[in-house]
Each structure stands twice: as C-alpha cells, then as structure tokens.
Amino acid sequence: MKFNDKRIILKLKKLSQNSYSKYSKFSVSSILVTKKGKEFYGVNVENASYSLTICAERNAFFSALTSGEKDFKRIYIYANSDKLPFPCGACLQVMSEFVDEDFEIVLFSKKEKREFKFNELLPKRFKL
Ligand code: THU
C-alpha cells in the first residue's frame, strides 16, 4: 500500500461513520479531489422513502460545486463492506457534467482497491 493510500483510507473510514445508511447498512464515504488538490467529502444519506437516498459521491460533488469548484482530478469511494462501491449510473451521469475521460475513480472495499478512468465506467456519456 502506498503511503498516501494510508492517509486516504483512514480519512474514508472515519468519514464513513457519518454515513446515514440505516436501511441498507451499506456505509459509503467519498473524497473528491480538485486539480489543485483541495478535498471535498460526501457520505450516503438514506431516507425512509427509499428513492430519496443520495449516494456518497454525489454529495461530494455537490459540496465541491457549492464551494465554486469545477475542476476535478480524482474521486475516492469507500464501502465499509467486502463489496466495492461501484458508482451507480445516476452518479456517473452527474459526474459526467464536470469531468473528462481521464478523471480517476478509485474504489476501496475492506478487502481490495481498484482504479478506473471515468471512460471505463461510462464510455458513452449523455450530453446536450
Ligand atoms: N451507494 C453509494 O453511496 N455509492 C455507491 O457508489 C453505491 C451505492 C449507497 C446508496 C445506498 O445508500 C447504499 O449505498 C445501498 O445502495
């Protein structure tokens, strides 16, 4: 494990304690990194009306956008599970407004790490 991963994993684990996931019990946290190295956080927030749930990565994007950031380099997504938290189609479509094909998506579960370029996960994005 690279040194930098250690810091990020510790931060992701700590953040995942803020996940509000009482229905799925699938806690997700995410750190979005701008091209200048600023970091923005998100966790998943569920609701008794299930479809109102917001994923961790979308919350990280909305937080960064709220602060006026628009240039993004990488997102880390962590699930407190043996399963990797592949971003859902809705999150990929939201990201697609703001990232280029080389945007890095780094996934962690409790067991493994995998890295992708945005284009590998959403090769044909919808754009107007
Ligand atoms: N979830 C995320 O927050 N990000 C992902 O990448 C995958 C799924 C959340 C949504 C829901 O709260 C829970 O995980 C189970 O689907």
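When a ligand or atom number is given, it counts from 1 through the structure's own listing order.
- Residue Tyr23 does not touch ligand 1, judged by heavy-atom distances below 4.0 Å.
- Inter-residue side-chain proximity for Leu12 and Ser29 is flagged as met; some heavy-atom pair is nearer than 4.5 Å.
- When the options Asn47, Ile54, Leu107, Asn44 are ranked by their closest heavy atom to atom 9 (C) of ligand 1, first place goes to Asn44.
- Counting heavy atoms closer than 4.0 Å to ligand 1, residue Ser24 contributes side-chain atoms (C-beta onward) but none from N, CA, C or O.
- When all heavy atoms of Tyr78 and Pro85 are compared, the closest pair comes out as C-CG, 3.9 Å.
- In this structure, the protein non-hydrogen atom closest to atom 11 (C) of ligand 1 is Glu46 OE2, 3.3 Å.
- Distance check on atom 6 (O) of ligand 1: some protein heavy atom falls below the 4.0 Å cut-off.
- Taken to the nearest 0.5 Å, the CD1 atom of Ile105 stands 11.0 Å off from the CD atom of Glu115.
- Proximity of the aromatic rings of Phe98 and Phe103 is defined here by a centroid distance below 6.0 angstrom, and this criterion is not met.
- Near Glu57, the atoms of ligand 1 lying under 4.0 angstrom from a non-hydrogen atom of the residue are 2 (C), 3 (O), 4 (N), 5 (C), 6 (O).
- The distance from ligand 1 to the heavy atoms of Pro87 drops below 4.0 Å at these ligand atoms: 6 (O).
- Aromatic ring pairs are classed by plane angle as parallel below 30°, tilted from 30° to 60° and perpendicular above 60°; the pair Tyr23 and Tyr50 is tilted.
- Atom 14 (O) of ligand 1 has as its closest protein heavy atom Phe26 CD2, 3.3 Å.
- Residues Leu15 and Ser30 come closest through the heavy atom pair CD1-O, 3.9 Å.
- With Phe108 as reference, Ile8 is the one residue of Asn80, Leu84, Ile8, Ile77 to meet the side chain to side chain contact (heavy atoms under 4.5 Å, CB included) rule.
- The single protein non-hydrogen atom nearest to atom 3 (O) of ligand 1 is Ala56 N, 2.9 Å, given as residue, atom name and distance.
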